[in-house]
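What follows is one structure encoded as structure tokens, with my remarks underneath.
Keep in mind that this is a model prediction, so the values were computed, not measured. Throughout, residue positions are numbered sequentially from 1 according to the sequence presented.
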Amino acid sequence: MKLVYSRVLAAMVLGSSIGFAAEATNLEEVFTQGELSSTVGWFGQHVNAKGDTPNSGFSNGYLNVGFETAPLHGVSVGISGWGSVKTSEKNDDDYKSAIADQSVLSQAYVKIEHEGMGKAVLGRQEVDFNWLTDYIDGVSAEISAVENLVISMAWARKYAVIDIDEISEEFTKLNGSKGIYMLDAKYTPIEALELNPYLYYGDNLLSAYGLKATLNLELSEEIKTSTMAHYVTINSDVGGTKDGAFTQVEQGVELLGAQLALGYIKVDKDGMAGLGTFGDQLPFEEGNHAMDADAKTPYISAAYEIEGVTLATIYGQTKYLDSTSGDKLKEKEFNFSVGYEFMKNLETSLMYVNVDNDVKDDSYNAIKAHVAYKF
């Protein structure tokens, strides 16, 4: 696997030096024509717990600043940092348990890009794949030289979550120092159909083979449909951990601007064999047990935008196997959110979350508010 990645990077470097029309022509333009991105915001949440669990909550202001140089001969450099400051908390450590690091270097990378071929990014970066999301230390590459086909590869050595409501204490190692490899292809044989086969591999950890297929049809100007099927099988290389599997199907329809969807998620009775511990694409705000062993989750969602106001809701019911007692339990989750852009680049949102578990102490309501300005 390492040999494959080395060849790809070598090809990107060589290609960028001979075929990329650089925006910058000298070192001064590299910085003066670079792109600065900044977001300042505030996030707050209050959790009304049930049973004997105490209520909790916190709020924080944050600033995210990033800069990427203009490319010179196809090579650019990017860096971004995230800072957070507590503005309130219900109990001691409510804030610290969520925002474990108040200042973090979220990205620091070198990007090599070749027009018509693709790009490679080396270093700390943000990623968004089926089972590898948030931020990693590693290498990623995207090859788009073949029409209707995009191939993505990544090697993640470390992983962290960095967001408005959660920041990891540090970038933690994945699979020791061996990391996780990912190979992902998106092929569109026809405009309406996307096929997404992929592979994840960790030496002496696991190997996972998946396929996600999405079919989008426009039946009329008022009616559009989206059908998605996703399956992955996981082979564990860890003693005592059984193989696993994950299945998700979803049928969506867009009718007169409203988006409706019915879906179903199922996890193998033996669990996920570790896949999903470095990211997922679940549709719920919480999804506490949707990835547990033998979990079955039907759900329904809806979204609508009117006069700049975005309304979204989802309801799901998860039946899962409790890892401690071995009992079959049920958890219901309901999310409802309202978002509005007051002016250009100034956005606000409010979300209500209700979690109803058979275990009363695991049940709660939450209100989450967010205001952000991008400049």
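- In this structure, the side chain of Asn196 engages the main chain of Ala185 through a donor-acceptor pair within 3.5 Å.
- No more than 12 heavy atoms of other residues, nucleotides or ligands sit less than 6.0 Å from atom NZ of Lys90.
- Checked by atom type and distance alone, the side chain of Asp165 never pairs as donor or acceptor with a backbone atom of Phe43 at under 3.5 Å.
- Of all the heavy atoms in Gly202 and Ile180, the pair that sits closest is CA-CD1, 4.0 Å.
- Looking at Ile79 and Leu105, their side chains come closer than 4.5 Å, going by heavy atoms from C-beta outward.
- Using a 4.5 Å heavy-atom threshold, the side chains of Asn130 and His230 count as touching.
- Between Trp131 and Phe246, the two ring planes are perpendicular [angle over 60°; tilted spans 30° to 60°].
- Here Lys368 does not pair with Glu166 in a salt bridge; the nearest charged N to carboxylate O distance is not below 4.0 Å.
- Listed here is the closest heavy atom pair of Ala273 and Lys242: CB-O, 3.5 Å.
- Judged purely by atom type and a 3.5 angstrom limit, Gln33 has no side-chain atom pairing as donor or acceptor with the backbone of Ala70.
- Looking at Asn365 and Asn354, their side chains do bring a donor and an acceptor atom within 3.5 Å of each other.
- Between the side chains of Ser59 and Thr87, at least one donor N or O lies within less than 3.5 Å of an accepting N or O.
- With hydrogens and angles ignored, the 3.5 Å screen pairs no side-chain donor or acceptor of Asn148 with any backbone N or O of Ile190.
- Heavy-atom neighbours of Lys173 NZ from other residues, nucleotides or ligands within 6.0 Å: at or below the threshold of 12.
- Using a 4.5 Å cut-off on side-chain heavy atoms (C-beta onward), Asp280 and Thr133 make no contact.
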Next on the checklist: Before you tell me yes or no, could you show the steps for Val65 and Leu36 under side-chain contact (heavy atoms from CB on, under 4.5 Å), namely the whole-Å CA-CA distance, both residues' side-chain angles and the distance that decides it to 0.1 Å?
Outcome noted: CA-CA 8 Å; Val65 180; Leu36 176 67; 4.0 Å; yes
Next on the checklist: Between Ile112 and Leu122, does the side-chain contact (heavy atoms from CB on, under 4.5 Å) criterion hold? Intermediate values first, please.
Outcome noted: CA-CA 8 Å; Ile112 306 163; Leu122 299 81; 4.0 Å; yes
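- Between the side chain of Asp361 and the backbone N or O of Asp52, at least one donor-acceptor pair lies under 3.5 Å.
- Among all heavy-atom pairs drawn from Ala24 and Leu72, the shortest one is O-CD1, 3.3 Å.
- Ring pair Tyr320/His289 is parallel by interplanar angle, where below 30° counts as parallel and above 60° as perpendicular.
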Next on the checklist: side chain to side chain donor-acceptor pair (under 3.5 Å), that's the test. Do Gln251 and Thr227 meet it? Break it down for me.
Outcome noted: CA-CA 5 Å; Gln251 178 60 60; Thr227 305; 2.6 Å; yes
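- The minimum heavy-atom distance linking Leu260 with Ala302 is given by the pair CD2-CB, 3.6 Å.
- Tracing side-chain contacts under 4.5 Å through hydrophobic residues (I, L, V, M, F, W, Y), one reaches Leu149 starting from Leu183; they form part of the same cluster.
- Within the 4.5 Å cutoff, side-chain heavy atoms of Glu68 are placed close to those of Tyr109.
- Side-chain contact between Tyr135 and Gln125 is absent, with no heavy-atom pair separated by less than 4.5 Å.
- With hydrophobic clusters built from ILVMFWY side chains whose heavy atoms lie under 4.5 angstrom apart, Val353 does not share a cluster with Met291.
- Taking 4.5 Å as the limit, some side-chain heavy atom of Val355 sits within range of a side-chain heavy atom of Asn288.
- Every residue meeting the side chain to side chain contact (heavy atoms under 4.5 Å, CB included) condition with Asp134, not counting sequence neighbours, appears here in chain and number order: Tyr159, Val161.
- Closest non-hydrogen pair, Glu170 versus Ala160, comes out as O-CB, 4.0 Å.
- Using modelled atom types and a 3.5 Å distance limit, the side chains of Ser84 and Gln102 yield no donor-acceptor pair.
- Side chain of Gln281 to backbone of Phe129: a donor-acceptor contact under 3.5 angstrom is found.
- Heavy atoms from other residues, nucleotides or ligands lying under 6.0 Å from CZ of Phe31 number 12 at most.
- A heavy-atom distance below 4.5 Å is found between the side chains of Thr313 and Phe334.
- Aromatic ring orientation, Phe375 versus Tyr373: parallel (interplanar angle below 30°, classes split at 30° and 60°).
- Between the side chain of Asn26 and the backbone N or O of Glu29 there is at least one donor-acceptor pair closer than 3.5 Å.
- For NZ of Lys224, the number of neighbouring non-hydrogen atoms (other residues, nucleotides, ligands) closer than 6.0 Å is 12 at most.
- By the salt bridge (Lys or Arg N to Asp or Glu O under 4.0 Å) test, Lys296 pairs with Asp294, sequence neighbours left out.
- Closest non-hydrogen pair, Asp243 versus Ser236, comes out as OD1-N, 2.8 Å.
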Next on the checklist: Applying side-chain contact (heavy atoms from CB on, under 4.5 Å) to Leu206 and Val238, what does each step give before you reach the verdict?
Outcome noted: CA-CA 7 Å; Leu206 59 79; Val238 178; over 6 Å; no
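- Leu282 and Tyr198 end up in the same hydrophobic cluster when Ile, Leu, Val, Met, Phe, Trp and Tyr side chains are linked at under 4.5 Å.
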Item to check | side chain to side chain donor-acceptor pair (under 3.5 Å) assessment of Glu333 paired with Asn335 | outcome: CA-CA 7 Å; Glu333 179 174 346; Asn335 304 159; 3.0 Å; yes
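- Paired with Thr225 under the rule side chain to side chain contact (heavy atoms under 4.5 Å, CB included), one option of Leu255, Asn216, Leu215, Val253 passes, and it is Val253.
- At a threshold of 4.5 Å between side-chain heavy atoms, the hydrophobic network of Ile, Leu, Val, Met, Phe, Trp and Tyr places Tyr200 and Leu211 in two separate groups.
- A single hydrophobic cluster is seen to contain both Tyr340 and Tyr352, as judged by linkage of ILVMFWY side chains at heavy-atom distances under 4.5 Å, directly or through other members.
- A 4.5 Å side-chain heavy-atom check between Val104 and Ile162 finds at least one atom pair inside the cut-off.
- At least one donor-acceptor pair under 3.5 Å links the side chain of Asn357 to the backbone N or O of Val359.
- With hydrogens and angles disregarded, a donor-acceptor distance shorter than 3.5 Å links the side chain of Asp94 to the backbone of Gly57.
- A distance below 6.0 Å separates the ring centres of Phe284 and Tyr299.
- Under the 30°/60° scheme for interplanar angles, the aromatic rings of Tyr181 and Trp155 are found to be tilted.
- Within the 3.5 Å criterion, the main-chain N or O of His370 finds a donor-acceptor partner in the side chain of Thr348.
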